[in-house]
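Computed from a prediction, not measured in an experiment: that's the story for all the values here. These values consider heavy atoms only, across backbone and side chains, with no hydrogens, waters or symmetry-generated copies. FYI, the numbering just counts along the sequence from 1.
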Amino acid sequence: MTTLKNDRLLRTIRREPVDMTPIWIMRQAGRYLPEYRELRKKAGSFMQLCKTPELACEVTLQPLARFPLDAAILFSDILTIPDAMGLGLSFHEGEGPKFEKPIQSSRDIQNLPIPEPETKLCYVLDTIQLIQKELAGKVPLIGFCGSPWTLATYMVEGRANKNFPLIQSLLQQDPALLHTLLDKLAQAVAAHLNAQIRAGVNAVMIFDTWGGILETEKYQQYSLHYIQQIINQLLPNIPIILFTKSGGQWLNLMANTGCHVLGVDWQVNLTLARQQVGQRVALQGNLNPAVLYESPETIRQEVARILQEYGKGSGHIFNLGHGIEKDVPFEHVAVLVDSVHELSQKYHE
């Protein structure tokens with residue numbers, strides 16, 4: 001593997017000394033950039049953008065051309081796995097993802113194939129290889145997948161829905177069938193992440209976007225159990241970042257999975273989080289994305305507050321507490337990145 005020119009992120013994950021706190025941004029390659037919107041128009045659709053390695057590579061690299069970020073994240077989508085399972089994924093402006101064939105019966109679940117990444121998701125792996133060639137070791141590349149529970153919420157509902165009533169109903173009425181679905185998804189996610197690792201990513205992230213809608217016991221049974229199953233199957237020596245949105249109350253449980261980093265949203269106090277997890281994991285987060293609509297002065301103040309909340313020493317990756325919004329001024333992202341690098345240096349002396 002190519003020697004990295006900037007390995008600040010990976011050293012932070014290992015809690016080794018660094019000169020400043022590294023930063024990358026969830027959804028950093030995306031709709032807030034005019035060059036992204038132009039490229040999506042050229043591609044014709046979001047899925048075409050994802051499935052054309054040359055374009056997906058270009059999108060991945062766009063934010064790095066603008067900002068001195070400490071990592072690239074693969075441009076793809078968590079729902080590529082259900083799409084490869086035959087559910088027919090599409091994205092409609094203003095509506096989000098939609099499946100042509102959502103899961104509606106036990107037969108649908110029994111008939112779901114576990115996609116072979118090298119064939120059904122080869123466009124993702126080709127994109128990774130292209131990105132690494134273009135990056136030439138500039139910064140690490142992060143690959144990712146959605147958690148089984150999060151994928152299942154979309155697959156059963158057929159589209160995004162904050163409360164996902166259909167999967168909640170399935171959980172109550174036929175938990176064994178839901179476990180069958182989640183087990184298949186865990187196998188598919190582990191296979192896909194391992195394929196991404198073989199293709200050359202430097203770290204992987206598991207997005208458990210909807211784990212936080214569950215109560216503690218159900219979170220452990222229906223979300224964390226399958227995340228653990230995935231982590232147990234991943235190839236060795238790869239850093240694993242785990243993010244459960246609205247999961248701050250479960251940091252201890254998550255830290256015991258064997259992941260190396262816990263992503264936290266903006267509802268979490270980093271001082272308390274650091275006390276809870278100790279030296280088991282690094283922490284990633286956790287600026288409220290809404291702050292990026294504020295003035296540059298406010299952004300700097302919030303960066304200073306979060307850095308102070310974490311305190312001295314390595315083990316903190318600066319990020320948002322969720323993905324960047326599409327209408328954030330990109331100039332504010334420049335303020336954020338520069339503020340993190342400048343203001344964090346005193347915490348690493």
Side-chain angles (χ1 to χ4, degrees), residues 8-16 18 21-28 70-71 73 78 140 142-150 186 189-190 193 201-214 216 219-220 222-234 237-289 306-323 340 344 347:
R8 198 176 284 135
L9 178 98
L10 300 184
R11 282 188 285 132
T12 297
I13 291 171
R14 297 190 295 265
R15 269 106 55 225
E16 293 172 1
V18 286
T21 300
I23 175 171
W24 70 277
I25 298 167
M26 287 189 274
R27 291 197 196 131
Q28 69 187 23
D70 294 294
I73 183 164
I78 62 169
I142 302 167
F144 68 92
C145 279
S147 72
W149 167 259
T150 292
V189 170
L193 286 176
V201 299
N202 304 100
V204 294
M205 182 159 172
I206 300 170
F207 284 92
D208 185 31
T209 312
W210 297 112
I213 67 173
L214 294 164
T216 298
Y219 172 72
Q220 290 178 268
Y222 294 94
S223 184
L224 197 63
H225 171 78
Y226 293 99
I227 290 169
Q228 180 74 74
Q229 199 170 303
I230 291 161
I231 290 172
N232 291 348
Q233 292 179 63
L234 291 186
N237 305 318
I238 191 82
I240 303 160
I241 306 167
L242 170 57
F243 175 61
T244 295
K245 186 169 176 276
S246 303
Q249 69 273 38
W250 302 315
L251 295 182
N252 270 320
L253 295 172
M254 291 190 280
N256 290 331
T257 59
C259 68
H260 304 94
V261 183
L262 288 181
V264 291
D265 64 28
W266 61 92
Q267 297 167 44
V268 171
N269 177 288
L270 285 184
T271 305
L272 298 178
R274 192 177 184 185
Q275 286 168 4
Q276 277 189 66
V277 301
Q279 288 298 307
R280 286 178 289 166
V281 291
L283 293 169
Q284 177 177 281
N286 61 340
L287 183 75
N288 187 333
I306 289 167
L307 290 169
Q308 185 178 24
E309 215 172 73
Y310 183 82
K312 284 189 176 289
S314 193
H316 178 213
I317 300 162
F318 205 103
N319 207 313
L320 303 182
H322 195 43
V340 170
S344 67
Y347 293 98

Do you know which two heavy atoms are closest between Asn202 and Leu10, and how far apart they sit?
O-CD2, 4.0 Å
Can you check whether Val18 reaches Ser344 side chain to side chain, under 4.5 Å on heavy atoms?
no
Check: Gly263 main-chain N/O paired with Asn319 side-chain donor or acceptor under 3.5 Å:
no
Starting at CG of Leu320, measure out to CD of Gln284 and round the result to the nearest 0.5 Å.
9.5 Å
Which value, rounded to the nearest 0.5 Å, describes the distance between Cys259 atom SG and Met254 atom CE?
8.0 Å
Taking all non-hydrogen atoms of both residues into account, name the closest pair between Gln228 and Asn256 and its distance.
OE1-O, 3.9 Å
Stepwise side-chain contact (heavy atoms from CB on, under 4.5 Å) check, Ile213 with Trp149
CA-CA 11 Å; Ile213 67 173; Trp149 167 259; 4.0 Å; yes
CG on Asp208 to OG1 on Thr244, rounded to 0.5 Å:
3.5 Å
If you round to the nearest 0.5 Å, how far is CZ of Phe243 from CG of Asp265?
5.5 Å
Would you call the rings of Tyr310 and His316 parallel, tilted or perpendicular, taking 30° and 60° as the class edges?
parallel
For Thr21 and Thr12: C-alpha separation, side-chain torsions, deciding distance, then whether side-chain contact (heavy atoms from CB on, under 4.5 Å) applies.
CA-CA 8 Å; Thr21 300; Thr12 297; over 6 Å; no
For Pro22 against Asp70, the heavy-atom pair lying closest together
CA-OD2, 3.2 Å
Please answer whether the main-chain N or O of Gln229 pairs with a side-chain N or O of Gln233 as donor and acceptor at a distance below 3.5 Å.
yes
Count the heavy atoms belonging to other residues, nucleotides or ligands that lie under 6.0 Å from CD of Gln249, then report whether that count exceeds 12.
yes
Minimum-distance pair of heavy atoms, taken over all atoms of Val189 and Cys145
CG1-CB, 3.6 Å
Value for NE2 (His322) from NZ (Lys245), rounded to nearest 0.5 Å, stands at 5.0 Å
Min side-chain heavy-atom separation Ile206-Ile231 under 4.5 Å
yes
Nearest 0.5 Å, what's the CZ-NE2 distance between Arg14 and His260?
10.5 Å
Anything under 30° is parallel, anything over 60° is perpendicular, the rest tilted; go ahead and classify Trp250 against Tyr219.
parallel
Answer yes or no: is there a donor N or O on one side and an acceptor on the other, between the side chain of Trp266 and the main chain of Pro289, under 3.5 Å?
no
Search all heavy atoms of Thr209 against all heavy atoms of Thr150 and return the closest pair with its distance.
N-OG1, 3.0 Å
Identify the two heavy atoms, one from Gln267 and one from Ser246, that lie closest to each other, and give their separation to 0.1 Å.
NE2-OG, 4.1 Å
Measure from the side-chain N and O atoms of Arg15 to the backbone N and O of Ile13, and report whether any donor-acceptor pair falls under 3.5 Å.
yes
Derivation and outcome, side-chain contact (heavy atoms from CB on, under 4.5 Å), residues Phe144 and Ile241:
CA-CA 9 Å; Phe144 68 92; Ile241 306 167; over 6 Å; no
